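Order of appearance sets the numbers: ligands from 1, and atoms from 1 within every ligand. Keep in mind the model is a prediction, meaning the values are calculated, not measured. Excluded from the calculations below are hydrogen atoms, water molecules and symmetry mates; all remaining heavy atoms, backbone and side chain alike, are included.
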Amino acid sequence: MNQINTDVAVIGAGTAGLAAYRAAKAAGKRTLLIEGGPYGTTCARVGCMPSKLLIAAAEAAHALRHSAPFGVRIAGEVVIDGIAVMERVKRERDRFVRFVLRSVEGIPAEDKLTGHARFIDRTTLQVGGQTVVQASRVVIATGSSPAVPTAFLELGDRLVVNDDVFAWETLPGRVAVFGPGVIGLELGQALARLGVTVRVFGVGGGVGPLSDPAIRDHARALFQQEFHLDPSAEVQHVARDGNEAVIRYVQRDGQVVTERFDYVLAATGRKPNVAGLGLEQTGIALDGRGVPVFDRETLQCGNAPIFIAGDANNILPLLHEAADEGKTAGNNAASYPVVSPGLRRAPLAVVFSDPQIAMVGKRFAELAPDSFVIGKVDFEDQGRASVMLKNRGLMHVYADRASGAFLGAEWIGPSAEHIAHTLAWACQMQLTVTQMLEMPFYHPVIEEGLRTALRDAAGQLAQ
Ligand SMILES: Cc1cc2nc3c(=O)[nH]c(=O)nc-3n(C[C@H](O)[C@H](O)[C@H](O)COP(=O)(O)OP(=O)(O)OC[C@H]3O[C@@H](n4cnc5c(N)ncnc54)[C@H](O)[C@@H]3O)c2cc1C
Ligand SMILES: NC(=O)c1ccc[n+]([C@@H]2O[C@H](COP(=O)([O-])OP(=O)(O)OC[C@H]3O[C@@H](n4cnc5c(N)ncnc54)[C@H](O)[C@@H]3O)[C@@H](O)[C@H]2O)c1
């Protein structure tokens, strides 16, 4: 058995782990980065980047099919070459992965260890069968994995998760997507626009991450115009038959139908990778899901020399949060036992559907009833959005009734990814609605729709 002694051991070389490694190294500590799977990060290999590449192909197909209202018609038919679509997705994805691999190659060999890590005690890790790592502090940055309902397992290779989609050689004919959350909406709509017959089934009525019922209903109605989406589906039976999945479900009109699919895509949420880490050996408190109880600001687990960052802690499973949290965990692991709160930016989330969904600041569900006003804009009559035939969507901005402070927003609409940044900056600057309305708005831009919502909020605040 080899033994390695180090100041900081980082488990997981994803976005959070790489940031933690760099922070601890920059603080002058001996740091060991342990990776049990492929290098390259979830984001680049099977997450953010390949999903956006698939969406880009879908947007191209959609734009071609919907150009006629502008007087621009396609004389022939629009052909979607599934093999070419998937080739580009994988080729470009591999390029993004190579950037990450190059940065990992730049890490000195003595700072890297491959193998699955498991705690023997608070500061001792078993890595693979051959190595024991003695570390003064440990950062857990093990990411998350798809949480697949066990009932689907009998589907065998007809059951797929996001990782499998990005390995396809070509596009399949029919896919049943379970879970109209972020992944289900992004991939489901993209596949539908690429000519795949898609059915999206949910439980409990949720659509994406939306918590504002009015926005959720609006989003549901918009998506239902384009593809089969039932957020409260009654699925009676799922089974494998030959090379297909057979699903019996109740349609929204009450009719029971049985359909056959090439694949069932489970997009039913993700679970933190904590099973098999041996956390019970550390004596730290674990929550009901087996995730260490930790401080959201310092990321420290109890008073142990253990920190947890990124999807592994399951609070904000987003790329930029994983990077920020990794830095915080790495800094605090280096300075332990002195720890301090890390940077927490204004909450910001975007779903790359069309129209896009975005959420900034406080969610509707987090706000105390009657403590806030809701400024609204329906994008149907918004000038620039109409020019571009992108005039679909509804926005709610929330403002504090007492102080007039901008609290947050939830919406579905055009250019949401960009407007979300403007709003997140305003939120972080703690601006009031009045101050936001003193800022410039060009003409004609979609941000004028945001101004309409802010004016609506300001009017209610003035009453
Ligand atoms: C389909 C999809 C699309 C997404 N799109 C977006 C998006 O558009 N924007 C956005 O902000 N976020 C997006 N996300 C979320 C984003 O990808 C994650 O929040 C982010 O990648 C998490 O980084 P991480 O470092 O926590 O985990 P990871 O990058 O998964 O890294 C964890 C690493 O730990 C390793 N590991 C696990 N256990 C052990 C162990 N015991 N020993 C050693 N190594 C171990 C794993 O092999 C892995 O390499 C998307 C996710 C998915 C799945
Ligand atoms: N654009 C982005 O930033 C982006 C894109 C993709 C993923 N992500 C991150 O990845 C995380 C995970 O995404 P996700 O879509 O897997 O999870 P999610 O939590 O967003 O959605 C899961 C959905 O599955 C539904 N569901 C659960 N069990 C079900 C069942 N048995 N049948 C049908 N539906 C079921 C839930 O009600 C929910 O609507 C997100 O929270 C997000 O942070 C971000």
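For ligand 1, the atoms lying closer than 4.0 Å to a non-hydrogen atom of Gly37 are 47 (O). Atoms of ligand 2 found under 4.0 Å from any heavy atom of Gly179, numbered from 1 in the order shown, are 23 (C), 24 (O), 25 (C), 33 (C), 34 (N). Contact atoms of ligand 2 toward Phe352: 1 (N) (distance under 4.0 Å to a heavy atom of the residue). Residue Glu186 approaches ligand 2 through these ligand atoms, each under 4.0 Å from one of its heavy atoms: 1 (N), 2 (C), 5 (C). Near Leu319, meaning under 4.0 Å from any of its heavy atoms, are these atoms of ligand 1: 10 (C), 11 (O), 12 (N), 19 (O). Listed by atom number, the atoms of ligand 1 under 4.0 Å from Gly143 heavy atoms are 26 (O), 27 (O), 30 (O), 32 (C). Atoms of ligand 2 found under 4.0 Å from any heavy atom of Leu318, numbered from 1 in the order shown, are 3 (O), 43 (O), 44 (C). Residue-ligand proximity, Gly310 to ligand 1, at heavy-atom distances under 4.0 Å covers atoms 26 (O). Residue Ile11 has at least one heavy-atom neighbour below 4.0 Å for each of these atoms of ligand 1: 40 (C), 42 (N), 43 (C).
Looking at atom 21 (O) of ligand 2, its nearest protein heavy atom turns out to be Gly181 CA, 3.2 Å. Among all protein heavy atoms, the one lying closest to atom 4 (C) of ligand 2 is Val182 CG1, 3.3 Å. Looking at atom 33 (C) of ligand 2, its nearest protein heavy atom turns out to be Phe201 O, 3.5 Å. Atom 21 (O) of ligand 1 has as its closest protein heavy atom Cys43 N, 3.6 Å. With respect to atom 19 (O) of ligand 2, the closest heavy atom belonging to the protein is Gly269 CA, 4.2 Å. For atom 9 (N) of ligand 1, the closest non-hydrogen atom on the protein side is Cys48 SG, 4.0 Å. Of all protein heavy atoms, the one closest to atom 15 (O) of ligand 2 is Ile183 N, 2.9 Å. For atom 25 (O) of ligand 1, the nearest protein heavy atom (residue, atom name, distance) is Ala16 N, 2.8 Å. The protein atom (non-hydrogen) at minimum distance from atom 42 (N) of ligand 1 is Ala117 N, 2.9 Å. The nearest heavy-atom contact from the protein to atom 47 (O) of ligand 1 is Glu35 OE2, 2.5 Å. Nearest to atom 31 (O) of ligand 1 among the protein's heavy atoms is Gly14 CA, 3.2 Å. Looking only at protein heavy atoms, the nearest one to atom 8 (O) of ligand 1 is Lys52 NZ, 2.7 Å. With hydrogens left out, the protein atom closest to atom 31 (N) of ligand 2 is Pro149 CG, 3.8 Å, a heavy atom. Distance from atom 15 (C) of ligand 1 to its nearest protein heavy atom, with residue and atom name: Pro317 O, 3.7 Å. Annotation: atom 43 (O) of ligand 2 to nearest protein heavy atom, Pro317 O, 2.7 Å.
When the heavy atoms of Asn162, Leu316, Thr268 are ranked by distance to atom 29 (C) of ligand 2, first place goes to Thr268. Heavy-atom proximity to atom 1 (N) of ligand 2, evaluated over Val238, Val203, Val350, is greatest for Val350. Around atom 41 (N) of ligand 1, the closest heavy atom drawn from Glu417, His320, His116 belongs to His116. For atom 2 (C) of ligand 1, the choice among Gly40, Gly47, Gly326, Gly12 with the nearest heavy atom turns out to be Gly47. For atom 39 (C) of ligand 1, the candidate residues are Leu277, Thr42, Ile34, Thr142; the nearest heavy-atom contact is made by Thr142. If you check each of Gly128, Ala349, Gly36, Ala275 against atom 44 (N) of ligand 1, the one with the closest non-hydrogen atom is Gly36.
At a heavy-atom distance under 4.0 Å, only side-chain atoms of Ser51, from C-beta outward, approach ligand 1. At a heavy-atom distance under 4.0 Å, only backbone atoms of Ala141 (N, CA, C or O) approach ligand 1. Only the side chain of Ile183 comes within contact range of ligand 1, with a heavy atom under 4.0 Å; no backbone atom does. Only the side chain of Ala322 comes within 4.0 Å of ligand 1, judged by heavy-atom distances. Counting heavy atoms closer than 4.0 Å to ligand 1, residue Asp311 contributes atoms from both its backbone and its side chain.
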**Prompt:** After noting the C-alpha distance and the side-chain angles of Asp354 and Gln189, does the key distance pass the side-chain hydrogen bond (donor to acceptor under 3.5 Å, both in side chains) rule?
**Reply:** CA-CA 8 Å; Asp354 178 24; Gln189 184 180 42; 5.3 Å; no

**Message:** Tyr398 vs Asp212, test: side-chain hydrogen bond (donor to acceptor under 3.5 Å, both in side chains). Steps then yes/no.
**Reply:** CA-CA 11 Å; Tyr398 315 123; Asp212 185 322; 2.6 Å; yes

**Item:** Verdict with supporting geometry, Val200 and Leu185, side chain to side chain contact (heavy atoms under 4.5 Å, CB included)
**Value:** CA-CA 8 Å; Val200 183; Leu185 279 183; 5.5 Å; no

**Pair Thr328-Asn331, side-chain hydrogen bond (donor to acceptor under 3.5 Å, both in side chains): steps then yes or no** = CA-CA 5 Å; Thr328 300; Asn331 280 333; 6.0 Å; no

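In terms of polar-atom proximity, defined here as any N/O pair under 3.5 Å, Thr15 does make such a contact with ligand 1. No N or O atom of Val351 sits closer than 3.5 Å to an N or O atom of ligand 2.
Between Phe261 and Phe201, the two ring planes are perpendicular [angle over 60°; tilted spans 30° to 60°].
Considering only heavy atoms from C-beta on, Ile374 stays 4.5 Å or farther from Val397 through its side chain.
Remark: of the listed residues Arg174, Arg158, Arg260, Arg260 is the sole one forming a salt bridge (charged side-chain N to carboxylate O under 4.0 Å, His left out) with Glu244. Exactly one residue among Glu234, Gln236, Arg199 makes a side chain to side chain donor-acceptor pair (under 3.5 Å) with Tyr249. That residue is Arg199.
Contact analysis leaves Glu321 out of contact with ligand 1, as no non-hydrogen atom separation drops below 4.0 angstrom. Heavy atoms of Gly202 approach ligand 2 to within less than 4.0 angstrom. At least one heavy atom of Phe352 sits closer than 4.0 Å to an atom of ligand 1. For the pair Val46 and ligand 1, a heavy-atom separation below 4.0 Å is found. Using a non-hydrogen distance threshold of 4.0 Å, Gly115 registers as a contact of ligand 1.
Between the side chains of Asp311 and Ser144, a donor-acceptor pair is found at a separation under 3.5 Å.
For the atom pair CZ (Phe166) and OG (Ser51), the distance works out to 5.0 Å, reported to the nearest 0.5 Å.
Relative to the ring axis of Tyr336, Arg137 does not place its NZ or CZ within 45° and under 6.0 Å from the centre.
Atom 36 (C) of ligand 2 is not flagged as protein-proximal [any protein heavy atom, distance under 4.0 Å].
Aromatic ring centres of Trp411 and Phe379: separated by at least 6.0 Å.
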